[in-house]
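Numbers restart at 1 for each chain; the letters A, B, ... are given by sequence-line order, proteins then strands. All figures in this text were calculated on a predicted structure; none of them were measured in a lab.
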Number of protein chains: 2
Amino acid sequence: MSSNQITNNIRKLRFENDEMTQQKLADKAGVTRQTIIAIEAGKYSPSLTLAFKIADAFGVPIEDVFQYQQQDLKTNNESES
Amino acid sequence: MSSNQITNNIRKLRFENDEMTQQKLADKAGVTRQTIIAIEAGKYSPSLTLAFKIADAFGVPIEDVFQYQQQDLKTNNESES
DNA sequence: ACATAATGTAAAGAATACTTTACATAATGT
DNA sequence: ACATTATGTAAAGTATTCTTTACATTATGT
């Protein structure tokens with residue numbers, strides 16, 4: 001239940017950052033490689049703390065790494081573009 | 001151990017947003033009032049999903065609500081090969 | 001051929017986030 | 001005085017995240 005509403009660009013960012021390995025990212029973020037694998041694969045979403053650490057590892061804001069797919073909180077009409 | 005490294009401006013943002021009550025914020029974020037109380041008081045940090053929902057409730061990016069106090073950033077040179 | 005590095009799956013247990021229920025207090029309104 | 005609203009504490013239970021361990025596959029180097 002409550003499947004994951006968060007997508008991410010971790011794989012893309014790893015390759016853009018000198019092909020950083022999952023292990024290297026795990027070290028930088030202070031978690032295990034398994035955690036990186038699971039999050040990168042979208043199996044579950046990280047804690048906010050880990051999200052900050054991963055974003056820091058790439059030197060970008062959280063929003064550049066993770067995107068929240070809001071399904072329907074309510075009809076929040078914000079037509080942009 | 002591993003006490004919370006995340007601070008937040010929820011209380012300030014609530015009052016700036018027409019004195020939004022904790023209950024109202026909880027409704028908007030889809031969690032219970034207890035969860036809002038605990039996070040606002042810094043008892044624990046939210047999941048990334050909830051962080052996004054709370055930021056959305058105020059119409060601001062996550063960084064405007066939550067700040068990561070990084071204590072020791074890991075040096076880059078420890079698994080260089 | 002063999003070793004090593006990088007990625008992947010799986011599953012049990014520990015740690016943390018979140019819910020539910022219950023009760024308490026101060027402030028406001030009738 | 002009484003009811004209602006907003007905030008707070010606490011504690012037990014559920015759900016989710018994260019760790020630990022083990023093993024598999026593909027690619028690269030010697």
Side-chain angles (χ1 to χ4, degrees), chain A residues 1-58 62 65-71 73, chain B residues 1-58 62 65-71 74 76-81:
Chain A
M1 293 176 221
S2 76
S3 49
N4 202 6
Q5 306 165 32
I6 305 272
T7 59
N8 74 83
N9 305 109
I10 293 178
R11 187 172 278 274
K12 178 160 165 282
L13 283 163
R14 282 201 299 112
F15 281 85
E16 287 172 0
N17 280 56
D18 200 27
E19 307 208 348
M20 184 188 299
T21 65
Q22 292 174 331
Q23 184 62 63
K24 186 99 193 258
L25 175 56
D27 289 344
K28 285 195 172 198
V31 293
T32 63
R33 187 173 62 91
Q34 298 312 313
T35 299
I36 297 298
I37 289 175
I39 290 169
E40 180 173 311
K43 291 217 198 299
Y44 48 75
S45 57
S47 65
L48 180 58
T49 302
L50 179 50
F52 267 118
K53 288 177 180 171
I54 291 174
D56 275 9
F58 294 128
I62 283 185
V65 186
F66 300 99
Q67 296 81 40
Y68 174 53
Q69 319 294 42
Q70 78 195 106
Q71 8 219 38
L73 292 197
Chain B
M1 301 264 289
S2 78
S3 50
N4 202 7
Q5 306 165 30
I6 305 273
T7 59
N8 74 83
N9 306 111
I10 293 179
R11 194 180 250 325
K12 179 160 164 281
L13 284 163
R14 281 201 298 112
F15 281 86
E16 287 173 359
N17 279 55
D18 201 28
E19 307 207 348
M20 184 188 302
T21 65
Q22 292 175 332
Q23 184 62 63
K24 188 97 195 276
L25 176 56
D27 290 344
K28 284 195 173 199
V31 293
T32 64
R33 185 173 63 92
Q34 298 312 314
T35 299
I36 297 298
I37 288 175
I39 290 168
E40 180 173 312
K43 290 215 199 300
Y44 49 73
S45 57
S47 65
L48 180 58
T49 303
L50 179 49
F52 267 118
K53 287 177 180 171
I54 291 174
D56 276 8
F58 294 129
I62 282 186
V65 186
F66 300 98
Q67 296 80 41
Y68 174 53
Q69 318 295 48
Q70 72 197 117
Q71 27 211 29
K74 222 152 178 79
N76 234 355
N77 59 356
E78 63 181 276
S79 68
E80 196 65 42
S81 48

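Here the nucleotide nearest the side chain of Val31(A), chosen from dC18(D), dT19(C), dT7(D), is dC18(D).
Atoms CD (Gln22(B)) and C1' (dT19(C)) sit 16 Å apart, rounded to a whole Å. Distance NZ (Lys24(B)) to P (dA6(D)): 11 Å, rounded to an integer number of Å. Distance, Gln23(B) CD to dT4(D) C1': 14 Å, rounded to whole Å. Between the P atom of dC18(C) and the CG atom of Leu25(B) lies a distance of 13 Å, rounded to the nearest Å. Atom pair Asp27(B):CG and dT5(D):P shows a separation of 14 Å (rounding to whole Å applied).
For the residue pair Asn4(A)/Gln69(A), the side-chain donor-acceptor check at 3.5 Å is not satisfied.
With sequence neighbours excluded, no residue forms a ring pair (Phe, Tyr, Trp, His ring centres under 6.0 Å) with Phe66(B). The side-chain contact (heavy atoms from CB on, under 4.5 Å) check on Glu16(B) picks up Lys12(B), Leu13(B), with sequence neighbours excluded.
Here the options are Asp56(B), Leu48(B), Ile54(B), the test is side chain to side chain contact (heavy atoms under 4.5 Å, CB included), and the partner is Ile62(B); only Leu48(B) passes.
DNA chain D forms stems at C:1-30 with D:1-30, each a run of 3 or more consecutive Watson-Crick or G-U wobble pairs whose two key distances fall under 3.5 Å.
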Evaluate Asn9(B) against Phe58(B) for side-chain contact (heavy atoms from CB on, under 4.5 Å), listing each step before the verdict. CA-CA 11 Å; Asn9(B) 306 111; Phe58(B) 294 129; over 6 Å; no

Step-by-step side-chain contact (heavy atoms from CB on, under 4.5 Å) determination, Gln22(A) to Arg11(A): CA-CA 9 Å; Gln22(A) 292 174 331; Arg11(A) 187 172 278 274; 4.2 Å; yes

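Within residues 6-19 of chain B, the residues that place at least one heavy atom under 4.0 Å from DNA chain D are, in residue-number order, Arg11(B), Arg14(B). For DNA chain D, the neighbouring residues in residues 35-58 of chain A, judged by any heavy atom under 4.0 Å, are Thr35(A), Ile39(A), Tyr44(A), Ser45(A), Pro46(A), Ser47(A), Leu50(A).
Residues Val31(B) and Ile39(B) form no side-chain contact, since every pair of their non-hydrogen atoms from C-beta on lies 4.5 Å or further apart.
Across all strands, Thr32(A) comes closer than 4.0 Å to base atoms (heavy-atom distances).
Considering every non-hydrogen atom in both Ala57(A) and Asn17(A), the closest pair reads O-ND2, 4.5 Å.
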Can you give one letter per nucleotide of nucleotides 22-30 of chain C, 5' to 3': B if a protein heavy atom sits under 4.0 Å from the base, S if only from the sugar-phosphate, - if neither? B--------

